[in-house]
Amino acid sequence: MLRRHFFRHALGLALMPAGAALLSACSKFDPMPLKDGESECPVCRMKITARPFAAQIRDKAGTYHFFDDFGCAVHWIKAQQVPEHELTFWIIDYKGGYWIDARRAVYMQGPESPHGFNLAASTIPKTGDLDYDAAKAIALARPAPVPVQ
């Protein structure tokens with residue numbers, strides 16, 4: 001009887017770190033509202049006015065950063081040199097106008113975006129759409145936008 005009791009507690013203690021990791025992975029932060037023309041992209045320094053292409057990232061410190069183009073956001077992530085899973089990344093749904101998880105979105109090529117990366121996000125996949133990794137690769141194949149003066 002003592003042996004069974006011991007193993008039950010030992011198993012429970014052994015699983016505690018795994019349970020804590022799962023719970024922390026489930027923690028969810030909400031995106032901040034975007035006020036058109038008030039937020040400035042940290043990459044190109046442009047005011048965000050093209051709402052259908054806006055993105056935002058919450059960093060590990062809890063600071064929110066707004067971007068005017070998906071391409072600016074992925075170039076910013078690359079420059080931070082932190083594991084991407086430490087960042088929360090949202091993008092505006094091109095047709096719906098609401099924030100969606102950028103890593104779970106699908107991307108269509110074509111609509112003209114502020115810096116010509118021309119990638120628009122959606123939650124509804126269509127033939128020819130790209131996943132996050134493919135869209136990110138396309139954006140990183142081009143140089144980062146130059147800050148405006």
Side-chain angles (χ1 to χ4, degrees), residues 10-149:
L11 180 61
L13 289 172
L15 292 176
M16 281 180 74
L22 287 173
L23 287 175
S24 67
C26 292
S27 66
K28 179 147 172 93
F29 300 102
D30 290 328
M32 298 291 288
L34 174 64
K35 296 177 182 169
D36 293 335
E38 289 185 22
S39 299
E40 184 179 278
C41 177
V43 174
C44 66
R45 303 285 180 224
M46 287 178 56
K47 294 282 185 189
I48 299 167
T49 57
R51 185 175 181 81
F53 299 98
Q56 78 172 280
I57 295 172
R58 183 185 185 276
D59 65 23
K60 190 175 178 179
T63 304
Y64 288 80
H65 308 271
F66 288 93
F67 304 87
D68 64 335
D69 197 307
F70 174 78
C72 285
V74 296
H75 278 283
W76 183 87
I77 291 170
K78 181 181 177 187
Q80 299 310 299
Q81 298 180 343
V82 297
E84 205 170 315
H85 71 270
E86 292 182 1
L87 306 170
T88 309
F89 186 8
W90 299 278
I91 191 155
I92 292 281
D93 182 285
Y94 182 71
K95 293 188 178 182
Y98 49 87
W99 293 110
I100 58 176
D101 183 328
R103 292 184 189 102
R104 293 185 179 170
V106 292
Y107 295 84
M108 66 177 127
Q109 292 182 285
E112 190 173 329
S113 66
H115 291 292
F117 289 98
N118 302 339
L119 294 163
S122 178
T123 56
I124 303 168
K126 295 184 303 272
T127 304
D129 282 349
L130 307 168
D131 66 6
Y132 171 75
D133 290 327
K136 178 179 157 184
I138 288 171
L140 291 175
R142 296 192 50 208
V146 178
V148 294
Q149 300 300 331

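On a predicted model such as this, the values are computed, not experimentally measured, just so you know. All values below were derived from every heavy atom in this structure, side-chain atoms included, with hydrogens, water molecules and symmetry-related copies excluded.
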Next item on the list: Could you tell me which residues satisfy side chain to side chain donor-acceptor pair (under 3.5 Å) with Gln109, sequence neighbours excluded, listed by chain and number?
Entry: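 For Gln109, no residue satisfies side chain to side chain donor-acceptor pair (under 3.5 Å) once neighbours in sequence are set aside.
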
Checklist line | Qualifying residues under side chain to side chain donor-acceptor pair (under 3.5 Å), relative to Tyr132, sequence neighbours excluded | finding: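 For Tyr132, the residues satisfying side chain to side chain donor-acceptor pair (under 3.5 Å) (neighbours in sequence not counted) are Glu84.
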
Find the distance between [atom1] ([X]) and [atom2] ([Y]) and round it off to the nearest 0.5 Å.
X      : Y      : atom1 : atom2 : value
Lys126 : Ile124 : NZ    : CD1   : 8.0 Å
Ile138 : Leu119 : CD1   : CG    : 5.5 Å
Leu130 : Met108 : CG    : CE    : 10.5 Å
Ile92  : Phe53  : CD1   : CZ    : 11.5 Å
Leu34  : Tyr64  : CG    : OH    : 13.5 Å
Lys35  : Ile48  : NZ    : CD1   : 13.0 Å

Between the side chain of [X] and the main-chain N/O of [Y], is any donor-acceptor distance below 3.5 Å?
X      : Y      : answer
Asp129 : Val106 : no
His65  : Ala73  : no
Gln56  : Pro31  : no
Asp101 : Trp90  : no
Tyr107 : Ala102 : yes

Item checked: Partners passing ring-ring contact (aromatic ring centres under 6.0 Å, His included) against Trp99 (at least two apart in sequence or in another chain) ->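 By the ring-ring contact (aromatic ring centres under 6.0 Å, His included) rule, Trp99 matches no residue at all.
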
Next item on the list: Name all residues meeting the ring-ring contact (aromatic ring centres under 6.0 Å, His included) criterion together with Phe66; count only those two or more places apart in sequence or in a different chain, and write none if there are none.
Entry: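 With sequence neighbours excluded, Phe66 shows a ring-ring contact (aromatic ring centres under 6.0 Å, His included) to no residue whatsoever.
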
Closest approach of [X] to [Y] (non-hydrogen atoms, all atoms of both residues):
X      : Y      : result
Gly71  : Ala139 : CA-CB, 3.9 Å
Arg45  : Pro147 : CG-CB, 4.0 Å
Ile91  : Ala105 : CG2-CB, 4.5 Å
His115 : Cys44  : NE2-SG, 3.1 Å
Gly96  : Asp93  : N-OD1, 2.6 Å

Margin query: Run Arg103 and Leu87 through side-chain contact (heavy atoms from CB on, under 4.5 Å) and show every step you take.
Written below: CA-CA 11 Å; Arg103 292 184 189 102; Leu87 306 170; 4.1 Å; yes

Any heavy-atom pair between the side chains of [Y] and [X] that's under 4.5 Å?
X      : Y      : value
Pro145 : Phe117 : yes
Phe70  : Ser113 : no
Arg58  : Thr63  : no
Phe67  : Phe89  : no
Asp59  : Gln80  : no

Check: Can you name the salt bridge (charged side-chain N to carboxylate O under 4.0 Å, His left out) partners of Glu86, sequence neighbours left out?
Finding: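 With neighbours one apart ignored, the set is Lys60.
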
Next item on the list: Go through the structure and list residues passing salt bridge (charged side-chain N to carboxylate O under 4.0 Å, His left out) with Arg142, not counting sequence neighbours.
Entry: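 Partners of Arg142 by the salt bridge (charged side-chain N to carboxylate O under 4.0 Å, His left out) criterion come out as none, since no residue qualifies.
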
